[in-house]
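Notes to accompany the following structure.
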Amino acid sequence: MNAGEAKLPDLFKPGRIAGHDTANRIKYGACCVSNYNERDGRISARELARTRVIAATGCGIITNQGAYPDPRGEGKAYFRQVALHDDRFLPEFETIAGFIRERGAIGIQQILHAGRYGGIDLGYCIQPSVVPQTLPHFRPPREITKEQIRETIRDHAEAAKRAIRAGFHGTEVTSFMGYLLANFNSKFTNRRTDEFGGSLENRGRFMRELIDAIKQATPEHPLVIRLNAAELMDPWGGNTEDECFELMQQAAGCGVDMISVTVGWQEAPESSIGRDIPPGYWNRLAARAKQLLPEVPIAFGVRLPDPVMANECIARGEFDFWEVCRPLLADPELVIKAREDRLHEVRRCIGSLNCLSRVFRDLPYTCTMNPALGHEVEPEYHVRPAAVKKKIMVVGAGPAGMEFAITAAKRGHAVTVFEKSDGIGGNLLGFAARDLARPDDLMSVVRHYEVMAKKLAVEMKFGIEVNPKFMRSQLHQYDAAVLAVGARINRAALRDIDGHERLLDAFAVAQGKAAVGRRVVVIGGGKIGLTLAESLKKGGHEVTIVEASKRIAGDVMPTFKWRHTTWIEELGIPVLTSARVRKVDEEGATVADDKGKETVVPADSVVAAAPRIADQALFHEFEWMVDELHGCGDALVPRGLDAAIREGYRLGCRL
Amino acid sequence: MPPVTPGNAQRWTDALRREAALFEPLASGARIGVVAEAIVAGAARASTMLVWQREREGMRAGFERYDGFESAPVDLLIALDEAGVAGIERAIDGDFVRSLRSLVRGGHALFFARRPRAELEESGYEDLLDGIGFAYLGACR
């Protein structure tokens with residue numbers, strides 16, 4: 001037994017699903033579709049390379065992402081979703097099932113008919129009743145007829161048979177998030193008056209017939225059903241928690257082999273999986289399901305990213321299998337590291353929801369923390385031994401510099417990082433600590449680099465300001481230099497402000513190097529200004545934000561925009577948009593609106609959080625001092641954590 | 001079960017016109033309906049709907065019969081729960097957009113899109129959707 005298995009014995013003990021033994025109690029969940037595939041539903045080489053990595057994660061059960069089952073495409077929700085409505089799709093599914101079997105895992109193919117969120121290529125969607133969309137990017141609804149219900153059930157059963165023929169052990173249907181099955185189950189979307197609507201018994205009829213059809217089509221094979229324990233739509237006429245659990249009982253009564261407990265609809269007014277939800281928040285729902293259905297294996301993982309917590313839950317009998325996906329996007333070696341007692345090396349999912357932000361813009365999903373995700377098929381993204389081992393200096397210990405350093409070190413380069421401050425983190429450090437959602441998630445990025453730098457023997461030299469004089473002292477000692485010095489506030493762009501010399505720098509304030517008075521004006525309503533303003537306000541300051549454009553949060557990840565706008569309102573921070581600071585003096589800031597009308601905002605301090613400019617002076621100064629000179633992250637173009645990590649990694653793979 | 005007291009049409013017109021910048025981009029004829037949630041949930045079918053309509057000279061409010069969202073002749077339908085109705089009524093003479101945004105965030109207001117997003121954007125709804133926070137909803141959060 002590995003050391004990690006001894007520490008997490010319940011997570012790593014064998015499990016069982018419908019007569020199949022599983023190596024452990026970990027189920028790779030089909031958390032969302034990748035959008036890596038062809039527009040007609042065929043699986044791409046990119047997807048195959050990705051699923052080979054998934055198969056090697058060490059999970060006992062692996063769920064392959066949801067395939068739509070109908071040839072009409074009414075079930076298709078995502079731009080490049082895979083299809084399973086025809087035998088022509090089988091060869092690639094066979095390959096994936098083969099990857100999973102090779103690793104000794106149980107392979108489950110999810111069948112995903114998106115219902116209310118489907119019909120992406122059709123301009124309409126089908127659902128039990130015509131309930132208009134509350135999210136306008138989905139298609140207008142049409143009511144499904146009884147004949148179409150029967151046809152849709154047949155499509156599911158045929159898709160299930162195909163999955164088994166491809167070599168999967170079993171299948172999964174999903175009532176998560178407001179997909180077709182959820183639409184029938186919920187009284188929010190099911191307002192039918194026939195035998196498929198009305199009472200809970202009738203609303204559950206579609207689910208029961210679906211389970212029955214798949215069970216008849218694939219009698220020897222496990223069937224998993226994903227069911228909401230809470231829709232979070234009950235304020236709008238959706239199911240109550242009690243009704244959700246009654247539906248679980250119906251599914252169990254039909255002989256499903258596992259229930260995967262989920263939470264929330266796309267349209268729910270409250271968040272379910274973001275960084276602002278504490279890990280473990282929804283565990284009570286899994287425990288209730290297990291208590292209600294002790295004989296049915298329960299899988300759960302909603303906002304439960306921690307294997308230690310999962311182990312404890314399984315030990316307490318709250319659920320049977322930890323269902324995990326996003327943490328494995330961030331670090332595909334999570335389970336292996338847990339098994340080998342190397343959890344401190346894990347790259348944690350930081351809940352930025354970059355993955356979903358992209359999927360809902362019809363883009364392939366990527367991960368802030370795992371720059372190789374989705375690029376497994378490309379050798380350019382692989383970490384392989386360097387042909388020529390080099391001595392490399394890195395300037396800046398922020399995420400870009402550190403990501404480069406550890407990637408290059410893994411390839412065999414000798415890497416030294418020079419950092420002017422006394423620690424790792426760069427500009428992230430000040431802002432991570434001020435994050436209102438969950439500072440620990442962002443701080444985990446810093447801690448990861450500290451651990452990996454030590455493990456990979458990256459030499460860290462703190463308190464050194466790298467400038468031409470210093471560089472001259474290092475001549476001919478390094479083969480390459482990487483400038484990852486980040487961005488700074490562009491003071492030159494603020495020189496038109498009368499009294500601009502009074503402006504404080506947002507980075508200096510964030511890092512505690514500059515103190516602000518009680519009343520503060522923050523120039524810039526982007527992520528830097530917002531994060532700073534929110535934390536200052538929370539710390540008791542009176543804060544006003546002045547933003548030049550029409551809206552705030554222009555550079556914020558789409559799934560986090562609403563959080564910032566909510567925080568700003570909840571904290572009562574006045575925001576002046578389409579406005580510019582004209583003058584700063586002892587009274588405060590004189591602000592002009594887009595019509596030129598001026599107002600004085602009383603302030604003791606005015607902080608510049610925008611615009612940012614890449615810190616590029618060293619590129620010119622070092623040009624003739626080192627053989628190879630490279631840059632990455634905000635030192636090239638000011639953006640953020642995602643670009644910093646991605647570019648540091650790419651450069652680390654290439655150099 | 002009207003969403004707001006009938007007879008307040010002029011006050012609503014005044015409220016909308018105070019927010020002219022937000023509604024200005026709407027194409028002439030654009031219509032937004034406001035109803036009580038209980039109606040949407042099916043507790044009552046026929047009722048009254050507050051309608052905000054973009055006309056050439058600006059926004060105008062009125063009350064119309066509501067026969068269910070399948071047939072409501074509006075682009076967007078805003079459903080308010082009890083707290084939502086009370087909240088927006090309180091805000092009629094103040095900053096009702098801010099109030100509506102807060103109701104959306106608090107789960108007291110739900111929007112039903114009667115037209116696809118592309119059509120809404122073509123009709124000038126982008127700023128409005130963004131201004132009330134609607135654009136930020138969605139995706140599994």
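Chain letters run A, B, ... following the sequence lines, proteins first and then strands; every chain starts at 1.
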### B:Glu55, CD atom: more than 12 neighbouring heavy atoms under 6.0 Å
yes
### Message
For a 4.5 angstrom cut-off between non-hydrogen side-chain atoms, does B:Asp127 reach A:Lys550?
### Response
yes
### Query
In a check of side chain to side chain contact (heavy atoms under 4.5 Å, CB included) between B:Arg117 and each of A:Arg139, A:His137, A:Gln133, which one passes?
A:His137
### Task
Please assess B:Phe112 against A:Val131 for the test side-chain contact (heavy atoms from CB on, under 4.5 Å), listing each intermediate value before the final yes or no.
CA-CA 8 Å; B:Phe112 290 98; A:Val131 175; 3.9 Å; yes
### Name of the residue among A:Pro132, A:Pro136, A:Pro140 meeting side chain to side chain contact (heavy atoms under 4.5 Å, CB included) with B:Arg114
A:Pro132
#### Entry: Distance (rounded to the nearest 0.5 Å) between A:Thr134 OG1 and B:Leu76 CG
11.0 Å
